[in-house]
Number of protein chains: 2
Amino acid sequence: MKRTDKKSNCAINFSLEAVGDPWSLLIIRDIVYFGKNTYGEFLASDERIGTNVLAQRLIALEEKKIITKVTSKFDRRKEIYQLTNKGLDLVPILLDLAEWGTKHDPKTEASLEWIKAVRANRATIISRIRNVLKNGGSVLKNYNSIVLKAKNTNFR
Amino acid sequence: MKRTDKKSNCAINFSLEAVGDPWSLLIIRDIVYFGKNTYGEFLASDERIGTNVLAQRLIALEEKKIITKVTSKFDRRKEIYQLTNKGLDLVPILLDLAEWGTKHDPKTEASLEWIKAVRANRATIISRIRNVLKNGGSVLKNYNSIVLKAKNTNFR
DNA sequence: TTAACATACTTTCATTATGAAAGTAAATGT
DNA sequence: ACATTTACTTTCATAATGAAAGTATGTTAA
């Protein structure tokens with residue numbers, strides 16, 4: 001029996017069968033946090049995914065409608081991978097994984113300011129991240145506008 | 001290289017190395033949602049984990065201080081597995097996985113009322129779940145008190 | 001125009017993890 | 001005492017991953 005075969009009708013199990021492997025959420029993290037969009041960029045990540053595994057995961061994520069693949073207009077060798085709305089719905093999970101890791105990994109690099117901002121203004125920040133990603137940005141590239149706009153929302 | 005070896009300093013990667021395998025979060029779900037606490041109860045879940053894999057996952061989760069193992073006072077054959085505070089910190093991730101699965105699985109069984117309650121009152125419900133679990137309960141066993149108390153919080 | 005290079009894969013093979021089934025040991029029930 | 005329950009361990013086939021090399025197509029620069 002393959003690992004991604006249907007094992008139950010539980011919603012959590014459904015999610016884990018979709019993105020519960022060791023690599024899918026790292027690829028999605030690369031898109032959301034770092035603004036990576038191509039095979040070569042994913043391959044260059046710190047975690048060193050294998051070329052074959054990366055290719056398989058991209059196919060699987062596309063089949064599940066979590067990402068889309070479009071050939072670049074400027075360089076037809078390049079395929080641009082982007083999140084669908086279904087993929088954008090995974091952002092809350094990434095935020096929680098980052099918070100748990102930051103809290104429990106003594107050697108983590110994540111910013112406490114970011115974690116605090118997310119905790120204080122979760123819904124606003126999720127919405128901001130979605131908009132930023134839809135306009136070709138990312139959490140790191142647009143960090144200030146995401147955090148500042150969230151703060152402003154508080155004071156308005 | 002083993003899959004759970006340190007691959008980067010990313011907080012998300014740290015979390016995925018801890019609970020990003022296909023089974024750990026299902027065991028934690030069994031504890032949180034269904035109030036399961038023993039090897040035999042985990043084994044009886046719909047997803048049909050293998051006996052060897054379950055034993056390995058329980059050891060790994062204990063080593064990571066996500067669960068604790070205590071011999072039952074009433075039946076010394078039984079080992080009682082429970083979440084530590086570190087394990088309880090995973091509850092938000094379970095809630096998000098349930099929400100994503102419910103939204104995107106056409107055949108899901110999860111309750112929309114539950115998802116709505118979590119969305120409207122996330123912090124309160126997480127706190128309630130922690131308390132319920134610390135007193136030997138679970139989301140299903142204490143469903144009404146968790147959801148109702150959260151609603152009351154709104155009206156107070 | 002063409003040779004070098006860049007990009008996105010595919011293929012192969014060793015290693016690791018999982019799936020399925022049977023077996024063991026200690027505690028409990030009868 | 002003997003059967004049963006509970007929590008594992010062991011064994012072996014299958015599947016997934018890790019590492020490395022190879023291929024195909026588009027781009028760049030001489």
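A note on names: the letters A, B, ... follow the listed sequences, proteins ahead of strands, and every chain is numbered from 1.
- The distance from atom CD of E47(A) to atom C1' of dT17(D) is 15 Å, rounded to the nearest whole Å.
- Distance CD1 (I49(A)) to C1' (dC9(C)): 13 Å, rounded to an integer number of Å.
- Checked by atom type and distance alone, the side chain of D21(A) pairs as donor or acceptor with a backbone atom of S24(A) at under 3.5 Å.
- If you take CG of D21(A) and P of dT17(D), they are 6 Å apart, rounded to a whole angstrom.
- DNA chain C is contacted by both K78(A) and A55(A); K78(A) maps to the nucleotide lying nearer its 5′ end (nearest heavy atom per residue).
- When the P atom of dC8(D) is taken as reference, atom CD1 of I80(B) falls 11 Å away, rounded to whole Å.
- Linking ILVMFWY side-chain heavy atoms closer than 4.5 Å, directly or via other members, places I80(B) and I66(B) in two distinct hydrophobic clusters.
- Comparing dA7(D), dC9(C), dG18(D) against the side chain of V53(A) picks out dG18(D) as the nearest.
- Among the heavy atoms of the strands lying under 4.0 Å from Y81(A) are primed sugar atoms or P, OP1, OP2 only; no base atom is included.
- If you take CG of L54(B) and P of dA21(C), they are 17 Å apart, rounded to a whole angstrom.
- The residue among D75(A) and I59(A) whose nearest nucleotide of DNA chain C is located toward the 5' end is D75(A).
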T102(B)/W114(B) under side-chain contact (heavy atoms from CB on, under 4.5 Å): CA gap, chis, key distance, verdict: CA-CA 10 Å; T102(B) 302; W114(B) 171 248; over 6 Å; no
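- Of all nucleotides listed (dT28(C), dT11(C), dC9(C)), dT28(C) comes nearest to the side chain of R77(B).
- With hydrogens and angles ignored, a donor-acceptor pair under 3.5 angstrom links the side chain of T51(B) to the base of dA21(C).
- Taking side-chain N and O atoms only, K69(B) has a distance below 4.0 Å to OP1 or OP2 of dC8(D).
- The interatomic distance linking W23(A) (CH2) with dA17(C) (P) rounds to 13 Å, in whole Å.
- The main-chain N or O of E113(B) is found under 3.5 Å from a side-chain atom of S111(B) such that the two form a donor-acceptor pair.
- If you check dC8(D), dC9(C), dT27(D) against the side chain of Y39(A), the one that comes closest is dC9(C).
- In this model, the phosphate group of dT18(C) is approached by a side-chain N or O of R57(B) to a distance below 4.0 Å at OP1 or OP2.
- Spacing between atom CG of L58(B) and atom C1' of dT6(D) amounts to 13 Å, rounded to whole angstrom units.
- Residue contacts for G40(A): at a heavy-atom cut-off of 4.0 Å it reaches the sugar-phosphate backbone alone, with no base atom in range.
- Comparing Q56(B) and N37(B) against DNA chain D, the residue whose closest nucleotide sits nearer the 5' end is N37(B).
- Cluster annotation: F34(A) is connected to L25(A) through the hydrophobic network of ILVMFWY side chains, with a link wherever side-chain heavy atoms come within less than 4.5 Å.
- The phosphate of dG26(D) has neither OP1 nor OP2 within less than 4.0 Å of any side-chain N or O from K73(A).
- Within 4.0 Å of N52(A), counting heavy atoms only, lies at least one base atom of the nucleic acid.
- Heavy-atom neighbours of K141(A) NZ from other residues, nucleotides or ligands within 6.0 Å: above the threshold of 12.
- In this structure, CG of L43(A) is placed 13 Å from C1' of dT10(C), rounded to the nearest angstrom.
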